[in-house]
Every structure is written in C-alpha cells, then in structure tokens.
Number of protein chains: 2
Amino acid sequence: MAAKKRSKGLVIPQGVVSRLPIYYRHLLDLRSQSVERISSAQFGEAVGCTAAQIRSDLSHFGSFGQQGYGYKVSDLLRQLEKILGLTRTYSAVLVGAGNLGKALASYDSFREQGFVINAIFDVDPVLIGNYHSGKVIRPFKDLPAYLKKSKCDMAIVATPKEAAQEVVDVLVEGGVDSIWNFAPIHPVVPRGVLVENIQLTDSLLRLAFYMNARDN
Amino acid sequence: MAAKKRSKGLVIPQGVVSRLPIYYRHLLDLRSQSVERISSAQFGEAVGCTAAQIRSDLSHFGSFGQQGYGYKVSDLLRQLEKILGLTRTYSAVLVGAGNLGKALASYDSFREQGFVINAIFDVDPVLIGNYHSGKVIRPFKDLPAYLKKSKCDMAIVATPKEAAQEVVDVLVEGGVDSIWNFAPIHPVVPRGVLVENIQLTDSLLRLAFYMNARDN
DNA sequence: TAGATTGTTAATCGATTAACAATC
DNA sequence: TAGATTGTTAATCGATTAACAATC
C-alpha cells in the first residue's frame, strides 16, 4: 500500500513536495467555489500538469480517489492538510525586525495557516522595545534565554546576510530544528535541522536571465 | 560551439537557470575573498553539486575555463553577469505598498544589482501621497497614464491575492512584459510576458511538510 | 614535459507520461 | 450494466554523472 512507503522511510521526491502546496491552494479555491468533485484530468488542466502526474504524486501518500468518480474535494483537502502538517499550529520566533521581518510578522496568511509568531528579536537598539503587530521587539541577546523557557517549533530568519549564520547558530544551539531563512546565504546546520531558504535575489536574477534571453 | 546554441533558440533547462544565481553568488564571495582561480571540483564542493554539473551547466553558454587551470574567478564572474543580464539597469514599478511592498522597495541589494524602482502604486487612500524610500505612493488609477509616459522594464506585484490578476492585466495592457509576482496566485498572461512567482506560503508549506515528515 | 583540469560524449539515473487492468 | 476514472506498471524522456580525449 502506497501510504506505507512513508513510514518505511522512503523519501518523497522534491518535485512532488513542491507541487503539494500548489495542489493544496487549488483545492482551497475549488472549495470556495463549492466544487464537490474533480478528476485528475480537470485538476491537471487547472494547475498546469498532466493527469498522470497528479495521480502519481498523490499515490505517494495513499489512495484518495475513486474509480469512475475522481476525487472528492473536501476529502482530498483534508488529506493534503494532514500530509502538509496543517492540522496543528506552529509556534515561531522571528529574528530580524527590518522591513522584511515586519512584513512577514504582519502577513496574515501565515497565521491563518497555523503559524504563530510568539516573539520578535533584533540587535538594533532603535527597534528594541518597539511594538510590531502586537509583539515587543526584544534584544537578540535575550534569544537563548527565551528559547530555554519557551517552546518554539520554528524560526524565521530575516536578518542581513552578515548576521544570518550567527543567528542560525544561536537558534540551533537553543534547540530550534526548523528554519525559514530569508537571508541570502545557505546557512550551515547540523544534520536533522531543516532549512527552507527563500532567496529573493536569486528569483530576481532568474527573471533577469529570462528577460535577457528573450531579448537576444 | 556551445554558445551558438543560445542564438539558435535552444532552450536552457530550468534547473540550469536556477543554479546560475547560486554560482553567481558564490563567485561574488570568492572575489571578495580575493580568490583568483577555482576548479569545477572546488566550485561543486562549495555549492553542493558535482564538478560535472558545474562544467555541463556552464557549457550551455560557452567555454569559460582552461584545461589544467580551471576558471579565472574574475572572468567567470564577468561572463555570468553577461548571461544573467546584469550589465545593464532595469527600471521597475512597484504595485502594492503594504508591508511586503515597502520591504521590497527598501531592499538595497536589488538596487545594487541594477534594479531601480521608479514609481510605487497602491489603491489605499491612506497610503497614497505618503513617501517611501524617497518615492511618493501614487494612486493605482494613474498607472496606465504613467506607463504611457515612462519606460518600465519590469513590475513588482505585491498586492493581496484578490487584486493581483487585475493589476497584472493593467500592467500588461500598459506594455509591461516582465513581472515579479509576490501575490499567492499564478497570474494568467499573454504569451511573451514573463512572470517569476515568489510564493511565500508555498515555501512555508514545504517546510511544514518536511517538519511533519521528520516527526512521523 | 608531466600534471591538472577542461568540455563533451556515453552511461546512468530518476522523473514524467502513456497505457491499461481494476473497479466504482 | 456501461462509462468513467482511478492507481500502477511499463515506456519515454530528460537531467545528472562518470569517463576520457584534448590541451593548457
């Protein structure tokens, strides 16, 4: 049975993982339009891939469809929520309260998805003590003590490049094992610590590449 | 000759394009450490791929190394700047002056890379007329007129989900053919218009997936 | 020259797609 | 039941890697 593969430790290909959030988003759309069922063919059409890919991707996690019918939107949505781990909440700390950090702290859709920022840290004395989205900005030096007291499922790193590795080290030292990193580096972490990087500049450079390639 | 393939219209695989910014970033690092030469083996080691992949990726664009020596950092950097289109500047408009838009407007590394935001637009009467990073926030309804007067190489879309497609339509109508989109949709655009999406939530969901998978 | 390392070709690997028996 | 569509297997496609002749 396909779902068993997971617990056997079989890895899910990266490509599959990248598509799951797309599927999930589309299912939310379908639900909001009160669509009850969808076939893999319709689904593929909507998200821009083949029906076979939809079915094959989902089969990594189990059998969620019904022959001759397709998938029930509400069922598949519930399954994807389970797969993506959206049936619980996540407590987070944010390090870096510059413009980007502030933007992330006040981004509602994260909270709606169950990610709650419980504390904000920065080194800048000008920022420390200020309130942002209902939270006081704390001095970075208090981070280790904070992590000792408070459970923290993940950290958001939105510092400048230069500070990022040190920040990650302090977080890992404090027991944080999942990091969402916006600094333009690939932080080095011990095995077992997850890092998901958002490289804004890389994305911009890809766009520049394609602009350039088109014009040539 | 490999470089010729480009002008013949041969497409560069997505994977290659995604790695170019990583290579570029590492070369900047090397230069700042005054490293003069590097072999594909050292390079691969540093960025986490094989030597063969480095050489194969670069060979899509030409022959930049020297047998028995490797690559001269300054030369390869110059070549990558050309490939990525970083030898010119790009004029941009920003639509959406919320927290994320403001963060992007004041993100120095974009300007350093040659991307200059010339105008900021929003629909919110509270924001219109305010200044941010030296630019006045203009009413969105003035965007078409602005695009008629002013050259614009690309647009940054940092609006809520609901507004994004309409904004993209207005931009495309106004002649903008490259869009850096931060709204959580895949905008529909005519052929020939480039869209690079940054899906913050998708990235967060991938992290959640891996957290969940690890704990099971 | 001898040693090192490229650019490229061939071999391998993995991911995507097409096809179809199973079955709702 | 007949029609539709799944989950999965086999075929295809493309990307990565290993190997090596070319050569600095």
Side-chain angles (χ1 to χ4, degrees), chain A residues 1-6 8-20 22-23 27 30 35-77 79-80 83 206, chain B residues 1-6 8-20 22-23 27 30 35-77 79-80 83 206:
Chain A
M1 189 238 229
K4 269 224 181 109
K5 288 188 196 163
R6 282 293 303 296
K8 275 185 190 166
L10 230 154
V11 205
I12 308 298
Q14 273 200 14
V16 177
V17 179
S18 304
R19 285 187 292 272
L20 293 179
I22 300 173
Y23 299 164
L27 286 167
L30 289 173
V35 176
E36 271 186 27
R37 58 172 279 237
I38 189 162
S39 68
S40 57
Q42 296 169 305
F43 207 131
E45 171 74 30
V47 301
C49 65
T50 62
Q53 182 149 77
I54 301 279
R55 295 201 303 275
S56 152
D57 284 355
L58 292 176
S59 78
H60 284 96
F61 305 99
S63 306
F64 310 128
Q66 208 173 352
Q67 283 101 326
Y69 176 86
Y71 300 86
K72 202 173 162 196
V73 170
S74 59
D75 282 359
L76 191 51
L77 195 51
Q79 293 294 345
L80 267 176
I83 293 165
R206 283 194 295 275
Chain B
M1 188 240 228
K4 266 223 183 110
K5 289 188 195 160
R6 284 290 304 298
K8 275 185 190 166
L10 230 153
V11 203
I12 308 297
Q14 272 199 14
V16 177
V17 178
S18 304
R19 287 186 292 271
L20 293 178
I22 299 172
Y23 299 164
L27 286 167
L30 291 173
V35 176
E36 271 186 24
R37 56 171 281 237
I38 189 161
S39 68
S40 58
Q42 297 170 303
F43 207 129
E45 171 74 30
V47 301
C49 64
T50 62
Q53 181 150 77
I54 301 279
R55 296 202 300 278
S56 151
D57 284 356
L58 292 176
S59 78
H60 284 96
F61 306 99
S63 307
F64 309 128
Q66 207 174 348
Q67 282 103 327
Y69 176 85
Y71 299 86
K72 203 175 162 194
V73 170
S74 59
D75 282 0
L76 191 51
L77 195 50
Q79 293 294 344
L80 267 176
I83 292 164
R206 283 194 295 275

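Chain naming here is simple, since letters A, B, ... match the order of the sequence lines and numbering starts at 1 in each. Here the structure is a predicted model, which means the values were calculated and not measured.
With distances taken from any side-chain atom of A:Ser39 to the nucleotides D:dT5, C:dT6, C:dT16, the minimum falls on D:dT5. The A:Tyr71 side chain lies nearest to D:dG7 when the options are D:dG7, C:dT6, C:dT17. If you check D:dT5, C:dT17, C:dT5 against the side chain of A:Gln67, the one that comes closest is D:dT5.
Residues A:Gln66 and A:Arg55 both approach DNA chain C. Their nearest nucleotides, taken by heavy-atom distance, put A:Arg55 toward the 5′ side. Nearer to the 5' terminus of DNA chain C, by closest-nucleotide assignment, is the contact made by B:Ala51 (compared with the other of A:Ala52 and B:Ala51).
A donor-acceptor pair under 3.5 Å links the side-chain atoms of A:Gln42 to the main chain of A:Ser39, judged by distance alone. Here the side chain of B:Arg37 pairs a donor or acceptor atom with the backbone of B:Tyr69 at under 3.5 angstrom.
At the heavy-atom level, B:Gly15 lies nowhere under 4.0 Å from the strands shown. Among the atoms of the strands shown, none is found under 4.0 Å from any heavy atom of A:Phe43.
If you measure from atom CD of A:Gln14 to atom P of C:dC13, you get 19 Å, rounded to the nearest angstrom.
Pair assignment for D:dC20: C:dG7, on the basis of Watson-Crick or G-U wobble contacts that are both within less than 3.5 Å. With a cut-off of 3.5 Å on both pairing distances, the Watson-Crick or G-U wobble partner of D:dT12 is C:dA15.
Phosphate proximity of C:dT16 to A:Ser56: absent, as no side-chain N or O sits under 4.0 Å from OP1 or OP2. Distances shown here put every side-chain N or O of A:Arg19 at or beyond 4.0 Å from the OP1 or OP2 atom of C:dA15. OP1 or OP2 of C:dT6 has at least one side-chain nitrogen or oxygen of B:Ser40 nearer than 4.0 Å.
Between A:Leu77 and A:Leu27, the shortest heavy-atom contact is CD1-CB, 3.5 Å.
At least one side-chain heavy atom of A:Phe61 sits less than 4.5 Å from a side-chain heavy atom of A:Ile12.
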